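Every value quoted in this text rests on a predicted model; they were computed, and no experiment measured them. We count residues from 1, following the sequence as given.
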Amino acid sequence: MTLNVDVSDKMASKEQSVPELPDKETREKLAVWDRSSEATAPLTDRQTDSVLEIRSAAETLPVPTELPIEDLCVLSSRSLLSPFTAAVPASTEDVLMKGFQMLQLENDRIETAQQFFSWFSKLHTHMDQEEGAKYRATRECLSCYQEQCDAILTDVNEALNHLDSLKKQYLFVSTKTGTLHEACEQLLKEQSELVDLAESIQQKLSYFNELENINTKLNSPTLTVNSESFIPTLSKLDDCIEYVSSHPNFKDYPVYLTKFRQCLSRALHLLKTHIINTLQNLTNQLAKRDPVAAANVDNVFTLFYVKFRAAAPKLRTLIEQIEQRSGKIPEYQQLLDDVHQCYLDQREVLLAPSIKSTLTELTGQNNKDHCALVRSGCAFMVHVCQDEHQLYNEFFSKSTVKLDELLEKLCMSLYDVLRPLIIHVVHLETLSELCSILKNEMLEDHVHNNAVQLCAFDTVVKQMLEDVQERLVYRTHIYIQTDITGYNPAPGDLAYPDKLQMMEKIAQSLKEEQGKLDTSFSNVQLEESDSRKIEITGGVSPADLHGMWYPTVRRTLLCLSKLYRCFDRAVFQGLSQEALSGCTLSLLKASEVICKNKSQIDGQLFLIKHLLIIREQIAPFHTDFAIKEISLDLKKTRDAAFKILNPKAVAKFFHLNSHNAILEFLLEGTPEIKEHYVDSKKDVDRHLKSSCEQFIQQQTSMFMGNLEDFFTKVSALKEMVVEGGPNYQLSQQPWAQPAKINDLVMSTYRVMKNKLPLTLQSMTLYLANKDTEFILFKPVRNNIQKMFMKLHTLLQEEYSGEDLQIIACPSMEQINLLLSLSK
């Protein structure tokens, strides 16, 4: 126990004597060496993670069953500091013993302080060792792990080195393989290009190599255009020429092209010779035909077409080859033109004589009937043109203008036959019918329905129509001058109203006979020189009969009806204006003659009636009858006319003007031409209005002439009074005495009563239309009524009741009753 106390005291004094500062500073430094902020030896993230892993691994180690040294020290220190006891507890003693045994000091004794400090140092060291044993074990374990990891890392590095080596080797092998592959591909590409080049060269050379084969075939004596190898050879030759022509950069290009063209010329010569010989042989066979068969024209033309149609299929096969190539190679086009020309020449050789003979025969058959000749001749040429087009299409598929030129030449044969006959036709009826045949039947029917095949015929017919129209214009001018404007009427033409009264009596007797026989009088027909018939019913006035019209009116309307469909609008208007002007002039002359021979009312009604007829009959022509009229000023120059005027203008002027104007134009020299529009329809209306006004004035004067004189005197008397003369009363004038006025009124009333029925009868005879009569006589009736109303007003103002009884003027009711006869 003493030892223990001494030891405890020594330990306590030793502890007090041992300097504590270095350990404290060390602990403080150790405490702050890894603090979170301002660490003196900061750890990296990887080092921190390693410490944490070591700590977690140490915590999982097993806890030692023995009490650590520090616990013993604590216990010993507690025992030393505790109050002294008489004895050491056994348990503490056991602990100390165990401690000494652990330090292998159980046999040693601590007697001095030095021994104690030595013992304590060992104890401290042992405690340190015991405390760090787990860490050392962990460190050793980690060292083992590190060694293993180093070994693994070494193996990994070696593996990576091997992989790197393999990668380099792979890249080397891959590069070598790719290079080899590219080299192979390049070789294959070059091989393909060489093959293609060889094929291209072979293909190009094939065209040149064909020259010898083509030459051999064309020089073969057995080769014909109908052989199976001819067309393929021709096609191969065309391909070679086209290829060589499109590659002028090839070597020996001109030489080969020339040789190929020579071969082509030889082949085309064979074609041309065969086709031309075939066509000529056909022509020669037909030219040597039997003369007996030649007598029948139909048989001749049938034979012309049958022979050629039989040979057409074989030739068409060859001609189609030429036509297909004609657009590419000029030689084929030239050959096609030659074939066309040969074909058409052979057709002309066959057709021209036959057509001329046929037309001569038709002329002999219809020598006196120009219309039948034109109709039959044109129909014949229509068939020829259609048949020729159909036959041409049997041989060729491409059209040519040469065919129409040939047909036009053949159709001119008809023109040459007809023109001498046409220019000698003088009858307007014949010329107008010829115009109708050519314009309506030929152009509008045949040509319009088959314009392609009849193109040549159309040209000739139009030329013929122009000649007929020109002749018709010329004859129309002459007809207007001689038969209308220059018409010299016969006595019977001016026998008005006798002829109308005679026709009225005939009509009345026919009605009486009709009533007696109880049959219907249907129609009376009057014929003109042109065989035109007009139907007239029993209720029609004689003045409306076609045969009762004045000859110039009848001729003018008949002429216009024939010309209307023969010319275009402009030409017809010019002719109609001239015809209507001449007709109007002839009516004015006839009216003057009738007024002199018969009475004024007959002449006026004659003119009014015929102007009404003209105005009514020209309405269906649907034209305004307005033309541009040319007037000539012959006073300025006398130079040669044809040196200044265009020939077409001169011809137009001749057509539009009379022969007197043409003659004056040629004698006097070049005129100044002035143009203005003339409307013949308005001219007719103007003459009609003038004639009606003259009739109204004449009838008013006839009935109211005495009263008009009386009112003239009354007006003169009133003017004297107004001008300052003496104031005379009307009833004081000798000529205005009631008895004188009575005589005046009675005489006027008698004239009205006697002449009014005659006037109305004449109007009925000429006009034969109640509405027309009423319209025409209404102004006369109004004038009479106004005159009597004025007289009644004057009498009421100037006369007394006794004077009015003496005058005994008829009332307005009496006057209206008398005038009611006109209603």
CA sep, side-chain torsions, deciding dist, call: Leu418, Met464, side chain to side chain contact (heavy atoms under 4.5 Å, CB included):
CA-CA 8 Å; Leu418 296 180; Met464 195 183 307; 3.3 Å; yes
Determine whether Ser397 and Arg316 satisfy the following criterion, side chain to side chain contact (heavy atoms under 4.5 Å, CB included), listing intermediate values before the conclusion.
CA-CA 9 Å; Ser397 59; Arg316 183 180 177 87; 3.8 Å; yes
Full working for side-chain hydrogen bond (donor to acceptor under 3.5 Å, both in side chains) between Arg325 and Ser235:
CA-CA 9 Å; Arg325 297 168 169 80; Ser235 300; 2.6 Å; yes
Given Leu315 and His274, is the side chain to side chain contact (heavy atoms under 4.5 Å, CB included) satisfied, shown in steps?
CA-CA 9 Å; Leu315 291 181; His274 175 75; 4.2 Å; yes
Working note: Thr273 + His269, criterion side chain to side chain contact (heavy atoms under 4.5 Å, CB included); need CA distance, chi angles, decisive distance, verdict.
CA-CA 6 Å; Thr273 303; His269 178 71; 3.5 Å; yes
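Heavy-atom minimum distance, Arg471 versus Val425: NE-O, 2.8 Å. Closest approach of Pro420 and Val417 over heavy atoms only: CD-O, 3.5 Å.
Counting heavy atoms from C-beta on, the side chains of Val339 and Lys272 never come closer than 4.5 Å. Within the 4.5 Å cutoff, the side chain of Ile322 has heavy atoms near those of the Ile275 side chain. With a 4.5 Å cut-off on side-chain heavy atoms, Phe304 and Ser354 count as touching. Counting only heavy atoms from C-beta outward, the side chains of Leu454 and Met442 never approach each other to under 4.5 Å. The closest side-chain heavy-atom distance from His446 to Asn450 is not below 4.5 Å. For the pair Tyr332/Asp238, a side-chain contact is recorded, criterion being any heavy-atom separation below 4.5 Å from C-beta on. Side-chain atoms of Ile214 and Leu218, non-hydrogen and from C-beta on, do get closer than 4.5 Å to each other.
Open room surrounds CD on Glu228; 12 or fewer heavy atoms of other groups in view lie less than 6.0 Å from it. Applying the 6.0 Å contact sphere to CZ of Arg565 captures no more than 12 heavy atoms from other residues, nucleotides or ligands. The environment of Lys314 atom NZ is sparse: at most 12 non-hydrogen atoms of other residues, nucleotides or ligands sit within 6.0 angstrom. Residue Glu185 places its CD atom among more than 12 non-hydrogen atoms of other residues, nucleotides or ligands, all under 6.0 Å distant.
In summary, Glu348 and Lys409 engage in a salt bridge, as defined by a charged side-chain N under 4.0 Å from a carboxylate O. Taking 4.0 Å as the cut-off between side-chain N and carboxylate O, Lys439 and Glu444 do not count as a salt-bridged pair. Classification of Asp467 and Arg419 as a salt-bridged pair holds, one side-chain N sitting under 4.0 Å from a carboxylate O. The pair Asp458-Lys462 meets the salt-bridge criterion, since a charged nitrogen lies less than 4.0 angstrom from a carboxylate oxygen.
Once rounded to the nearest 0.5 Å, the distance linking CG of Leu403 with NE2 of His389 reads 4.5 Å. Atom CD of Glu405 is separated from atom NZ of Lys402 by 8.0 Å, given to the nearest 0.5 angstrom. Here the CG-CZ distance, from Leu560 to Arg555, works out to 14.0 Å after rounding to the nearest 0.5 Å. One finds the SG atom of Cys378 at 10.5 Å from the CG atom of Leu362 (value rounded to the nearest 0.5 Å). Note that the CG atom of Leu563 and the CD atom of Gln469 stand 10.5 Å from one another [nearest 0.5 Å]. In this structure, CG in Leu472 is found 10.5 Å from OG1 in Thr430, a value given to the nearest 0.5 Å.
A distance-only check finds a donor-acceptor pair linking the side chain of Lys398 to the backbone of Glu323 [under 3.5 Å]. For Ser245 (side chain) and Glu242 (main-chain N/O), no donor-acceptor pair under 3.5 Å exists by modelled atom type. Here the side chain of Ser581 pairs no donor or acceptor atom with the backbone of Glu578 at under 3.5 angstrom. Of the possible donor and acceptor atoms, one in the side chain of Thr317 sits under 3.5 Å from a partner among the backbone N and O of Pro313. No side-chain donor-acceptor contact under 3.5 Å links Ser200 to the backbone of Leu197. Side chain of Asn213 to backbone of Thr216: no donor-acceptor contact under 3.5 angstrom is found.
Aromatic ring centroids of His477 and Tyr474 lie 6.0 Å or more apart.
Ring geometry, Tyr343 versus Phe308: the interplanar angle exceeds 60°, so the pair is classed perpendicular (tilted spans 30 to 60°). Taking the six-membered ring for Trp and thresholds of 30 and 60 degrees, Tyr256 and Phe260 have ring planes inclined between 30 and 60 degrees apart.
Donor-acceptor pairing under 3.5 Å is recorded for the side chains of Asp337 and Gln333. Counting only N and O atoms by type, the side chains of Gln573 and Gln577 include no donor and acceptor under 3.5 Å apart. Judged purely by distance below 3.5 Å, without hydrogens or angles, the side chains of Ser229 and Lys217 never pair a donor atom with an acceptor atom. Side chains of Gln285 and Asn281: a donor-acceptor N/O pair is absent below 3.5 angstrom, by distance only. Between the side chains of Gln334 and Asp338, at least one donor N or O sits under 3.5 Å from an acceptor N or O. A donor-acceptor pair shorter than 3.5 Å can be found between the side chains of Ser436 and Asn440. Judged purely by distance below 3.5 Å, without hydrogens or angles, the side chains of Thr459 and Glu408 never pair a donor atom with an acceptor atom.
Because its NZ or CZ atom is both nearer than 6.0 Å to the ring centre of Tyr207 and within 45° of the ring axis, Lys236 counts as a cation-pi partner of that residue.
Legend: residues meeting ring pair (Phe, Tyr, Trp, His ring centres under 6.0 Å) with His340, ordered by chain and number and at least two apart, are Tyr392, Phe396.
The only option from Gln390, Glu388, Glu394 that meets the side-chain hydrogen bond (donor to acceptor under 3.5 Å, both in side chains) definition with Tyr305 turns out to be Glu388.
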